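In what follows, every chain begins at residue 1, and chains take the letters A, B, ... in the order their sequences are listed. Keep in mind it's a predicted model, so treat the numbers as computed, not measured.
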Amino acid sequence: MAKDSRQIEGGLFPRKVVPVLIPMPAERAYSYALPEGVEAGPGQIVQVPLGPRLVAGIVWDGEADQVNPDKLREVTQVFDCPPVNEPMRRFIDWVSAYTLSPPGLVARMALRAPAAFDPEPMIDALRLTETRPERLTAARERVLEQAGDGLAWSKSGLAHAAGVTPSVIDGLFAQGVFEPVKLPPPPVVPDPDPDYQPAVLEDGQAEAADALRATVAKSGFGVTLLDGVTGSGKTEVYFEAIAEAVRAGRQVLILLPEISLTAQFLDRFHDRFGARPAEWHSELAPRMREKVWRQVTEGRVSVVAGARSALFLPFHDLGLIIVDEEHDPAYKQEDRVFYNARDMAVVRARLAQIPVVLASATPSIESRVNAQQGRYSHLLLPGRYADAGLPDLKLVDLRRYPPARGGFLSPLLLRAMAETLERKEQSLLFLNRRGYAPLTLCRVCGHRFECPDCSSWLVEHRFRGQLQCHHCGHNEPTPQACPSCGALDHLTPCGPGIERIAEEADKHFPDARVIVLSSDMAGGTRRLRIELEAIAKGEADIVIGTQLVAKGHNFPLMTLVGVVDADLGLSNGDPRAAERTYQLLSQVTGRAGRSGRKSLGLIQTYQPQHPVMQALASGEPEAFYERETDERSRAMLPPFGRLASVIVSAATRPEAETHARALRAAAPAAPGIMVLGPAEAPLALIRGRYRFRLLVHGERGRDMQGFIRAMLAQGPKARGSVQVQVDIDPQSFL
DNA sequence: AGCACGCCGACT
DNA sequence: GTCGGCGTGCTC
């Protein structure tokens, strides 16, 4: 540690100076002096003055920067909190370097629990003494009997158990019948029991479970891709890996896309382990958040199920990471620190030398390539349980069976819906488009409603009487007359949204109970949960929904799934469009058929020959995946040779200037510049053909090549410094 | 990230 | 003449 000598109150005192990572975007740890007699090693969470405020930071490794002694301030408090361990600190450094984010911002993600750095307060409790009350009433007798077990009770708990009011206990306490004791705060969740209710596994599953158990028992770093169709028992299989880690007394992290973190999942865990896992996600109440954080650092919580941010919890002794639905784009964070939690989970596992399991029914291309190349082990589960067959998937060629004029549902789909209704079973219509119509125009003058802020089309929301921009959130009431030519009642909706499909379903089946589900539904998540429960209980006949019906929730009575427009999303220029469409439609159609009844999926398309449609209809995605892998590696790895390519983060205004300068600095040195977002980088990395210098990340869906060209043309107006990351070698973590 | 400082429009 | 918009800069 650096020594700093300076005059204090007339004497020369050497002061220990430590580097402290502050939860703020500084490029380096700041230096703080330790007060006389105070020790704080790397990982210790401390409180330090920063400008006018006091903030929590982490004592970092290495020498503290030499800093102007006049500026040097003192650590104000060393929290009574377990230090952030070495692998976690290396993880923070790694993520910072890889994402080009200041380490402080990454550290901040690990410290997102404002008041958790002080120990949880002990709980006040009462224990019976030898003293007995002078007068014994019936109520007092009940209390004495109840507390006679010699254990400590909380006042309210005891009162409740004995069926008396707390004042009875106050009276006894006053007479010395009870003494006050302090109890450690209760755990947020009871310990899971690895042997509570092991699933009965079939041959293929048992084999996979054994393999995973062996991996966990052996410990050490390794990635396993657990690959099996919806309903093949992936969850049951990785639960066995979790059981093994819990038996070994180590902590487990289960990452889920936020939307999949449902009561259903937690209940399944409970059924297997006799207790729920601790939860970690953005909607957790602050008080609970702190408790979970604290107990995770102390190692008192053994299993956490969480959204991507849970990856930054400072576990005491992490022994296993599961990434469920590893292909899910929700693992990408595109805010401040840009990262893909699935990739960072692999890195965290590598640094902690523990196994990680990536599970999916529709693995991402990059994970499949990793598995094929032997970098990941690959466990392929056989099909569904016998009593939960996959739906029979059929393509509906819209050129041959077109919908009636003004409609979007083909006669084939309508007939299947009628039959499903007759059998008193449920239908699901899937269309990934909110609102009534994606485009509104005036039939008189051709005026199209455009967003004044971002120039995308305004989407009509008829239920709300609004035109909305799905890009920036702008909205305005739907006018009666055309704002351009003034013609009344000539505004025409073009194309379908789920509201319009609901209208069409209503028209054909006026007696059916129709429920529309989308993320912008009035009433928020609570209302959504209620609706989902109602559907599960059979209180709807036809469910019409967007993407959100694809995930997490099972609909046991659903025997028909109709995909209204399977082609939607295939033509948006995203190199992942086909892969995403395949994954989404597999998931959606997988919602049906869990009831054990015969079930059907009808996929409406104008392109029945498209590889995505063929893969869906045949149930054999291999050829599709092979083709996609080739396509994508061609599209994303242009033949630049072994280039130094350019990686930058974010694309907001201040950064864009910095990027421009970074690009100009890098361009002369590079034989070519390849522009990829961090989320696209992994495929390039695993192909191992390139060394990266900088990573340019554009906004979602943006033309990256165009973006970089535009920035180069614009030239540098940059100020400040450019952070250049040299040679991130993929082999260093995979 | 916060928070202060510093220059240009609508108002007590 | 001020109050206040957020653009820019700084924090050991």
Rounded to the nearest angstrom, tell me the gap between atom [atom1] in [X] and atom [atom2] in [N].
{"X": "L34(A)", "N": "dC12(C)", "atom1": "CG", "atom2": "P", "answer": "16 Å"}
{"X": "E74(A)", "N": "dC12(C)", "atom1": "CD", "atom2": "C1'", "answer": "13 Å"}
{"X": "L50(A)", "N": "dC10(C)", "atom1": "CG", "atom2": "C1'", "answer": "9 Å"}
{"X": "E27(A)", "N": "dG9(C)", "atom1": "CD", "atom2": "P", "answer": "15 Å"}
{"X": "R28(A)", "N": "dT11(C)", "atom1": "CZ", "atom2": "C1'", "answer": "16 Å"}
{"X": "M24(A)", "N": "dC10(C)", "atom1": "CE", "atom2": "C1'", "answer": "8 Å"}
{"X": "N68(A)", "N": "dC12(C)", "atom1": "CG", "atom2": "P", "answer": "11 Å"}
{"X": "I22(A)", "N": "dC3(B)", "atom1": "CD1", "atom2": "C1'", "answer": "16 Å"}

Exercise. Checking all strands, does P23(A) fall into the base, sugar-phosphate, or nothing category for heavy-atom contacts under 4.0 angstrom?
Worked result: nothing
Exercise. Is the distance between the ring centroids of Y339(A) and F312(A) under 6.0 Å?
Worked result: yes
Exercise. Choosing from dA1(B), dC12(C), dC3(B), which nucleotide comes nearest the side chain of P52(A)?
Worked result: dC3(B)
For this session: Tell me, with the steps shown, if E39(A) and K16(A) meet salt bridge (charged side-chain N to carboxylate O under 4.0 Å, His left out).
Result: CA-CA 9 Å; E39(A) 293 291 326; K16(A) 257 186 204 159; 2.8 Å; yes
Exercise. With distance as the sole criterion, is a donor-acceptor pair present between the side chains of S360(A) and H327(A) under 3.5 Å?
Worked result: yes
Exercise. Is R289(A) positioned over the aromatic face of W280(A), cation under 6.0 angstrom from the ring centre and no more than 45 degrees off axis?
Worked result: yes
